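On a predicted model such as this, the values are computed, not experimentally measured, just so you know.
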Amino acid sequence: MTRHAKNCTAGTVYSYHERKKDTQKSGYGSKAVRLGKDSVKSFDCCSLTLQPCREPVVTPDGFLYDREAILECLLHQKTEAARKMKAFEKQKKKQEAKELGKIEEKERSKVESFVNMEKRLTTKTTSAFTVTKEKSAAGPSTVVDDQTPSTSSDTTSKGKDKSLPSFWVPSLTPQAEPTLLKKPDTKTYCPMSGKPLKIKDLVAVKLTPMEDKDDGRPMVAKSERYKCAVTHDTLGNSVPCAVLKNTGHVVTMDCVEKLIKKDMLCPFTGAKLKDSDIIPLQRGGTGFAGAGVQLEAKKAGPVLQA
């Protein structure tokens, strides 16, 4: 019997290890890997710049951005939409002019055909099919003027312009029409969720910093930078948190479930809250499966059929 090893090649079955090794070597098949703690951003970092936000804003879906970065992104989308719309309008005008030219050409051909038909109607008498009497020595006889009309082949051969049906002649080669542009979408979208996003939908976020009087390190160098505005619990990727829409304060989800949702009152202003006023903040992974965040990167490759 053969040995039961990973690199056993004497078996008749294409094992999973051999398939995995061949896939990794050849580049075929999709590859998936779970992202660890070092591969994801912190909860207080911008989703575009991946740096700590200087002026954080949040979308209705809970994605955190730096105001400068998201405004620049939305402005770029507006500029691109305006450029595409201008090209679309130019194409539309060109098509309308082309259709108008076809209509004018059709009307002109109708007028020309009518004029040609009118020219055929003549008022002069012709000698066609007339009987004339001729006297000869043998006696009177009738002669019919036989004017044989020309055949259609003769007229077409005389009047038709000869053209070479050759595909290599430049005048006869077909021309490729430009690709028609579709009407562009003028809406702006969130870079992360892909949903429509307007500037007025952005909510300013107020992060409560940790009070470390003895530590002189900058805020960026600290691993624990912010805390809950109500319970003063340390915030991070392992702590689910939410943003209150009316004030912009960041609180933990435990605070929302145990304190705020009991009477649905804002703990800072006392105003009545709705479910839409509580925005769960999107956060990254912690490297552990128990964090509750599914972070998996997948790269699709060509399929190898075994």
Side-chain angles (χ1 to χ4, degrees), residues 40-89 92 181-209 219-220 225-231 235-237 239-257 259-284 293-295:
V40 296
K41 70 177 186 67
S42 181
F43 84 101
D44 60 332
C45 293
C46 175
S47 298
L48 290 175
T49 62
L50 305 180
Q51 299 296 325
C53 297
R54 293 177 293 179
E55 192 177 355
V57 292
V58 69
T59 64
D61 295 321
F63 291 99
L64 196 71
Y65 294 101
D66 197 352
R67 182 179 291 273
E68 182 180 356
I70 189 62
L71 290 183
E72 185 177 354
C73 177
L74 296 180
L75 180 61
H76 177 70
Q77 294 182 22
K78 279 286 187 183
T79 305
E80 283 295 315
R83 183 186 63 82
K84 292 180 181 179
M85 181 61 72
K86 188 175 181 180
F88 177 76
E89 292 292 340
K92 187 177 179 180
L181 300 176
K182 296 182 180 180
K183 187 175 182 180
D185 192 2
T186 57
K187 295 181 181 179
T188 53
Y189 295 89
C190 176
M192 297 298 295
S193 64
K195 297 180 180 179
L197 178 65
K198 298 180 180 179
I199 298 178
K200 65 180 181 180
D201 297 334
L202 300 175
V203 179
V205 178
K206 296 179 182 178
L207 292 169
T208 306
M219 183 68 69
V220 180
R225 294 189 284 263
Y226 300 103
K227 62 181 180 180
C228 176
V230 178
T231 62
L235 300 180
N237 283 1
V239 180
C241 50
V243 178
L244 300 181
K245 190 175 181 180
N246 59 339
T247 61
H249 287 90
V250 180
V251 295
T252 61
M253 290 301 295
D254 288 340
C255 176
V256 172
E257 296 293 338
L259 298 177
I260 298 177
K261 282 193 174 182
K262 284 187 176 181
D263 49 6
M264 292 302 290
L265 295 177
C266 178
F268 304 101
T269 61
K272 192 70 175 178
L273 295 178
K274 301 178 182 178
D275 291 337
S276 59
D277 294 334
I278 301 174
I279 304 174
L281 199 61
Q282 300 290 338
R283 55 196 175 92
V293 180
Q294 296 292 334
L295 292 174

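When the shell of 6.0 Å around CD of Glu72 is examined, it contains 12 or fewer heavy atoms from other residues, nucleotides or ligands.
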Quick one, Thr231 with Asp254, criterion side chain to side chain contact (heavy atoms under 4.5 Å, CB included). Give me CA distance, side-chain angles, the key distance, then yes/no.
CA-CA 9 Å; Thr231 62; Asp254 288 340; over 6 Å; no

Check against side chain to side chain contact (heavy atoms under 4.5 Å, CB included), Val250 and Thr208:
CA-CA 8 Å; Val250 180; Thr208 306; over 6 Å; no

Does the pair Ser193 and Gln282 meet the rule for a side chain to side chain contact (heavy atoms under 4.5 Å, CB included), with working shown?
CA-CA 11 Å; Ser193 64; Gln282 300 290 338; over 6 Å; no

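Under 3.5 Å, the side chains of Thr59 and Asp61 contain no donor-acceptor pair of N or O atoms.
We find the CG-CD distance between Asp185 and Gln77 to be 10.0 Å, quoted to the nearest 0.5 Å. Atom NE2 of His249 sits about 10.0 Å away from atom CG of Leu207, to the nearest 0.5 Å. The OH atom of Tyr65 lies 7.5 Å from the CG atom of Leu197; values are rounded to the nearest 0.5 Å. Rounding to the nearest 0.5 Å places OG1 of Thr247 at 6.5 Å from NZ of Lys206. The line from SG of Cys190 to CG of Asp201 is 10.5 Å long, rounded to the nearest 0.5 Å. Separating the CZ atom in Phe43 from the CG atom in Leu281 is a distance of 7.0 Å, to the nearest 0.5 Å.
Residues Lys183 and Lys84 form no side-chain contact, since every pair of their non-hydrogen atoms from C-beta on lies 4.5 Å or further apart.
For the pair Ala69 and Cys46, the tightest heavy-atom approach, listed with the atom from each and the gap, is CB-SG, 4.1 Å. Of all non-hydrogen atoms in Lys227 and Pro209, the two that sit nearest each other are CE-O, 3.6 Å. Nearest heavy atoms, Ala204 versus Arg67: CB-NH2, 4.0 Å. What you find for Val251 and Cys228 is that their closest heavy atoms are CA-SG, 3.5 Å. Residues Arg283 and Pro240 share a closest heavy-atom pair of NH2-CG, 3.5 Å.
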Would you list the atom pairs, donor with acceptor, under 3.5 Å between side chains in residues 259-280 and any protein atom, with sequence neighbours excluded?
| unit_1 | atom_1 | unit_2 | atom_2 | d |
| --- | --- | --- | --- | --- |
| Thr269 | OG1 | Ala271 | N | 3.4 |
| Lys272 | NZ | Asp263 | O | 3.2 |
| Asp277 | OD2 | Lys274 | N | 3.0 |

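With hydrogens and angles ignored, the 3.5 Å screen pairs a side-chain donor or acceptor of Thr252 with a backbone N or O of Cys255. Between the side chain of Asn237 and the backbone N or O of Lys41, at least one donor-acceptor pair lies under 3.5 Å. In terms of modelled atom types and a separation under 3.5 Å, the side chain of Ser47 and the main chain of Leu64 share a donor-acceptor contact.
Arg54 is linked by a salt bridge (Lys or Arg N to Asp or Glu O under 4.0 Å) to Asp66, Glu68, counting only residues two or more places apart in sequence or in another chain.
Ion pairing between a basic and an acidic side chain is recognised when a charged N comes within 4.0 Å of a carboxylate O; Arg83 and Glu80 show such pairing.
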